[in-house]
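Whatever order the structure lists ligands and atoms in, that order sets their numbers, starting from 1.
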Amino acid sequence: MTATTIAKYSYADILKDAAKINWQVKDLIGADKPLDFSKPFLPEALAHTRAITCLTADEQLVLNHIRGNSYLHLFGLVEEFILPLVVEHVQSIGCVNIEATQAYLGFAEEESKHIHLFRQFAAAFAAGFGHRCEVIGPASAIADFVLQHSPLGVALVTLHIEWMTQRHFLDSVRNHQGEPLDPQFCSLLKHHWQEEAQHARLDTLMVQDLARTLDTAAIAAAVDDYIAIIQYLNEGLKTQVQLDLISLERAIGRNLTATDFSDCKSARHEIQQIQEKSYQKVFLSSGMTHPNFVESVQALSREGFAKISAIAAQFS
Ligand SMILES: [Fe+2]
Ligand SMILES: [Fe+2]
């Protein structure tokens, strides 16, 4: 064994905290809880629409809604590979530590509930937005690619995503002073975050468990798997930016490819540049640089941490 252990989390504490959270999908979304399209869905720190000079304030709001839709779509996508990872882990650990078994089963049940929630959101968004929005997928193809990799590599991606979710909510959504966000959308984020707080700790334990029997070479291979999946997701995010542009043109009814002769750049070019940076910062660097993710990676491998840090710097 080469990895060191982080001993700050226990299955008993996680089970106790999980028992305090008890919401159902129907409590958060439905005909009696409409989305308010007069307000932004995402805070500026997660949407980065206000610096786009070629869009009017109304058009920036439309792009914010498109980003809100893709934000939850992307969570739904990744949860479709997190769920089988967790189910496989429960099967592998059996019933020796029954609190661990119970905690991971709760994790899997909650992720399946989140997939349901985000599908319900997608239907409500489609009904309220009034224009078709393009999103990457299908989720099954992405899950097939990701799950070809080692369980520890996939668990590291999951750990990244779980801590990233914590960072998004705590840094940008919980205290969104001065930003009149749609309360319904914020409620979805808040309830999702409440359960993800347990998942982040469970995944820390899962990463340790999976690494326990691996030698240095196998851990290095898992870090390479993590990096390969991150690069794959980066390509997916770039594709999502292109799809957002199509959705935006359709929703605002104007062609964004016309060139502004003052700087020879099209509106499309400006939006693409800002939004690619935004997606990379929000979905990649914010997970790769989260202190708790960093702590887990450093405990596995100093060389692996150096590799991941170098890539994270490209996405900041
Ligand atoms: Fe989730
Ligand atoms: Fe989760």
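Using cut-offs of 30° and 60° for the angle between ring planes, the F125 and F37 rings count as tilted.
For K113 and W23, the positive end sits near the middle of the six-membered ring, less than 6.0 Å away and at most 45° from its axis.
Nearest heavy-atom pair, V173 versus P43, reported as atom, atom and distance to 0.1 Å: CG2-CG, 4.0 Å.
To the nearest 10 degrees, the angle centred on the Fe ion (ligand 1) between ND1 in H114 and NE2 in H192 reads 90°.
Coordination check, E162 versus the Fe ion (ligand 2): passed, since an N/O/S atom of the residue sits under 2.8 Å. Residue side and main chain included, H199 places an N/O/S atom under 2.8 Å of the Fe ion (ligand 2). The distance from the Fe ion (ligand 1) to the nearest N/O/S atom of E111 is under 2.8 Å. Residue E196: an N/O/S atom is found under 2.8 Å from the Fe ion (ligand 2).
Ring to ring, W193 and H114 are not that close: their centroids are 6.0 angstrom or more apart.
Contact check on K307 versus D224 returns a salt bridge, with a Lys/Arg side-chain nitrogen under 4.0 Å from an Asp/Glu carboxylate oxygen.
Nearest N, O or S atom of E79 to the Fe ion (ligand 1): atom OE2.
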